[in-house]
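This report refers to the structure that appears directly beneath it.
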Amino acid sequence: ALEEEELRSLRIPSSAHRGSLSPSKNSFLPTLQEQEQGGREHAGSGGYRRQRRLPERGRPSPADDEGEARRDEFAGDQEVMAHISAEHLDGVKQDFISAGGSLNVDQFVHSMLRSLDAADLNPPPETSRKSVRLAGDGGAPPAPARPKSVKAPKVSLYAAAVIDLFSYVDVHGEGFVTWDEVSNYLVEQGMVRGDQFTVDSIKTYEASSAVDQSKHDSAVERLVYFDQVDTLMCLTRGSRGFRLYDPKRCTVKAEVTSAHRGSIVNSCYLEPINQIATSSSDMTICMWDHASLGLRNRITAKDVQLCLEWDPSSKHLFSGSIDGTLSCWDLQSMSLADSQRGKAKGTMNDLLMIPDLNMMASASADGGILMWDTATMRTKRTFKGHRKGTFSLAYSMDYRCLLTAGLEQEAFVWNPYVERVPIFRLKGHTHALCGVAVVPGTPQILSADIKGMFRLWDMRNFRCVQSFGGGAAADSSYSDLNSFCVMPMHRRLAAGGARVTMYDYMDEWGGEDLTDITGITDALYNPNAGEFYTVSKTTVKAWHASSGTLFKVLRDISEHEITAACLADNGRKLYLGDSHGRVTAHGLKNGTKLKEFERHRADISCLAIWRGTMQFFSASWDGVVKVHSDESQRPQTKAEFQHHRDGVTCMEACPELMLLATGSTDTQVCLYDLKTLKLEHTVNRLQHVVSDVSFLASRCLLAIADQGGCVSLWRGGAPP
């Protein structure tokens, strides 16, 4: 074990961070040592910083550059939270008490600015809280005095940030906030998980729809993915042949039945000559043409070669044998160029090239990890920490970390530049591991044990994101897992047990032409913020209308699948209806559930707001329509209509005509008077299911569209 001072001195350079990773004080959990930029430090200990917004496409204008610079310097309400501490909030609380319990926007800005001055700006002595005029003192409060130590632009930025904070707290648009609302908002922001909103956070894996339909005589022993030719090789236990799979469809596209005289142990791809190398228990290494699968060459070794690795720099093939010998093969002469024996004790189980260091790592049965100079065939570094044999190696080019796994129940993370102890241990498995892998270009780490349980880790903080497979799956055909591999091109991993099983990575965004891979329930536009919101399953995504970039994701905002959504009239709340008949109101800032309204007995089919009021409408697939009031703390149901014989498909309210129109699968449109909240008229001369309704208030017209392709216009009475 290292001494504490030595442990503190460990640093991992990382291109993905502005700093380095080092072990924490009381464990091996790494902490990010951020480098200060511009000499700027934050006061307070409870600040929560949100992720920076994704850059917009295209070349920004000078005005955009100035705006981005200010956004970099100030991050809205989160910047206020980062600069103020609980001690300074006591003064704000006293202002609420003095004002009778609530503050309007001017009073709130004035109070917060003085607290921010005390926290960050060192206010002048003449600024005192006694000089503040609050509600009930006979007029609006005076404009806040400019602190002598701060320039006017900085004060204006603070004021704008406080106004943003006020708008997020005043989600109901009442024009005033209470101390309870402010404190609850600050607590919610502190408790919320940071990765709940960020776009680049790791998602989850789910069982793929691509299923292996081929028959296997024995269990799958090893899976190897050749990214150069996008091919998955499958080796079964005791088989003298091999299969090549299409990774996209999980179908066999080629098979060689009698490749060796003994069972095949391992394989690798030789890119310069477009051949596949296989090693076997018959102590030979064979080269196969990738296109025709014809045998091109055969090399005879002294022992069984358990692992193969191609070195693109030296153009040599390396192999590790059952007695721990590392061999280097010249493919031009098809002969042994060099070998090294005695460094690794026991069988050599895996080899991995590390281009960053121009070295090769080996894993052996004695638990030792050796780093080899492929030019001199000499060991450069030795990593000791495993008490049992190691069988799997992985390396992250992005984070420069080496990962190892073996017969123990935890994978080790190493700094390849430091020949000491592992910087972290990935714990959580209950059985011996069968492998560890890294997805290139991402912070994903995948580990799996022999019982088929996978664990997905985040390389940036070594936190377990997901556990899947094993006994949690309905299909236990891969419960005894022998091998797995990642296929980055398809965002998929393949697991080998009784057969080949695929898992797909459920990404947030599938590219330029795909908003969500799970399908879109609804799309909403918020003109107040210039943002679009897309709803799918239990997730809401926010997009910049100007650039089309995804900047925020509200994951698992609903317990059940969302079936309907609409924005509140003030653009600060989101009403959601789900497949269990629940109707809820959520804050658009962080997705916090604010209220739950009276429940329907069937799935919610549509939601609509009553503009200019705090009321909205909900309808379900059993034909029931309800009028909800969001004016008070306790949700109220103003009225309930049951005039449709079947599910409601569309709904719209017209404040100018004081009418509500609902269309249904019963081919009827019902009109309700919003003054009396009673049925006004029924349009029943339609031939097909109603698909949409829309008012043209200036002409007193109602447009009805049906699934038969007809659009009809109906004239109503004059506006009230």
Side-chain angles (χ1 to χ4, degrees), residues 171-174 522 524 535 558 562-588 593-666 668-684 690 692-695 697 700 702 704 714 716-717 719-720:
V171 69
H172 301 293
E174 297 171 331
D522 205 349
L524 309 170
V535 182
S558 174
I562 302 171
T563 56
C566 71
L567 287 171
D569 193 35
N570 60 10
R572 299 176 187 172
K573 285 189 292 187
L574 181 67
Y575 296 114
L576 299 177
D578 62 25
S579 58
H580 282 55
R582 293 185 176 91
V583 180
T584 53
H586 298 261
L588 208 54
K593 186 169 75 171
L594 305 173
K595 294 179 184 179
E596 184 169 346
F597 300 87
E598 188 176 72
R599 183 175 177 178
H600 287 254
R601 291 187 295 272
D603 300 9
I604 304 299
S605 58
C606 50
L607 299 173
I609 62 169
W610 185 346
R611 296 191 307 275
T613 70
M614 296 288 289
Q615 300 182 29
F616 69 100
F617 312 94
S618 64
S620 56
W621 285 111
D622 58 358
V624 176
V625 178
K626 294 185 179 183
V627 183
H628 304 279
S629 176
D630 197 10
E631 294 175 337
S632 60
Q633 292 295 328
R634 294 188 61 183
Q636 296 179 355
T637 302
K638 294 292 187 180
E640 180 176 331
F641 310 121
Q642 300 185 25
H643 299 288
H644 286 289
R645 299 188 302 271
D646 207 345
V648 178
T649 57
C650 53
M651 178 168 52
E652 183 173 345
C654 181
E656 296 83 1
L657 301 178
M658 292 299 289
L659 290 175
L660 170 68
T662 58
S664 172
T665 55
D666 61 4
Q668 291 185 357
V669 173
C670 293
L671 294 173
Y672 305 91
D673 189 335
L674 294 182
K675 282 187 174 181
T676 61
L677 293 179
K678 293 183 179 180
L679 179 66
E680 181 77 12
H681 184 71
T682 301
V683 179
N684 51 18
V690 180
D692 201 3
V693 292
S694 182
F695 282 100
C700 298
L702 173 65
I704 301 175
W714 303 76

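Just so we're clear, the structure is a prediction, and the values are computed from it rather than from any experiment.
- In summary, the side chains of H643 and T682 do not present any donor paired with an acceptor at a separation below 3.5 Å, with no hydrogens or angles considered.
- Taking CG from L574 and NZ from K593, the interatomic distance works out to 13.5 Å, rounded to the nearest 0.5 Å.
- Ring geometry, F597 versus F616: the interplanar angle exceeds 60°, so the pair is classed perpendicular (tilted spans 30 to 60°).
- In this structure, the side chain of S605 engages the main chain of V648 through a donor-acceptor pair within 3.5 Å.
- Among all heavy-atom pairs drawn from V625 and A619, the shortest one is CG2-CB, 4.1 Å.
- Minimum interatomic distance between L594 and H586 (heavy atoms only, all atoms of both residues): CD1-C, 4.0 Å.
- Applying the salt bridge (Lys or Arg N to Asp or Glu O under 4.0 Å) definition to pairs two or more places apart or across chains, those involving residues 565-575 are D170-R572, K573-D630.
- Judged purely by atom type and a 3.5 angstrom limit, S664 uses its side chain to pair as donor or acceptor with the backbone of D666.
- Shortest non-hydrogen contact noted between L657 and A697 is CD2-O, 4.1 Å.
- Rounding to the nearest 0.5 Å gives a distance of 11.0 Å between SG of C606 and CD of E652.
- With rounding to the nearest 0.5 angstrom, the CG atom of L702 is 6.0 Å from the CG atom of L671.
- Scanning all heavy atoms of the two residues, the minimum distance from S620 to H600 falls at OG-ND1, 3.1 Å.
- Each salt bridge (Lys or Arg N to Asp or Glu O under 4.0 Å) pair with one or both residues in residues 599-611, not counting sequence neighbours, appears once here: R611-E656.
- Between atom NE2 of residue H681 and atom SG of residue C670 there is a gap of 9.5 Å, rounded to the nearest 0.5 Å.
- Across A565 and L576, no two heavy atoms sit closer than the pair CB-CD2, 3.6 Å.
- For residues 574-587, the pairs satisfying salt bridge (Lys or Arg N to Asp or Glu O under 4.0 Å) are R582-E596, with sequence neighbours left out.
- Considering only heavy atoms from C-beta on, D673 stays 4.5 Å or farther from K678 through its side chain.
- In this view, E598 and K626, H628, T637, E640 satisfy the side-chain contact (heavy atoms from CB on, under 4.5 Å) rule, not counting sequence neighbours.
- The shortest heavy-atom contact between C650 and V693 is SG-N, 3.8 Å.
- Atom CG in L659 sits 10.5 Å away from atom NZ in K675 (nearest 0.5 Å).
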Practice item. Could you check L679 against F641 for side-chain contact (heavy atoms from CB on, under 4.5 Å), going step by step and ending with a plain yes or no? Key: CA-CA 8 Å; L679 179 66; F641 310 121; over 6 Å; no
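- With sequence neighbours excluded, the residues forming a side-chain contact (heavy atoms from CB on, under 4.5 Å) with A564 are I604, L607, listed by chain and number.
- T665 is linked by a side-chain contact (heavy atoms from CB on, under 4.5 Å) to W621, D646, T649, V689, counting only residues two or more places apart in sequence or in another chain.
- Atom NZ of K638 sits about 5.0 Å away from atom CD of Q636, to the nearest 0.5 Å.
- Annotation: side chain of W610 is not in contact with side chain of L660 (no heavy-atom distance under 4.5 Å).
- The shortest distance between side-chain heavy atoms of L674 and F617 falls below 4.5 Å.
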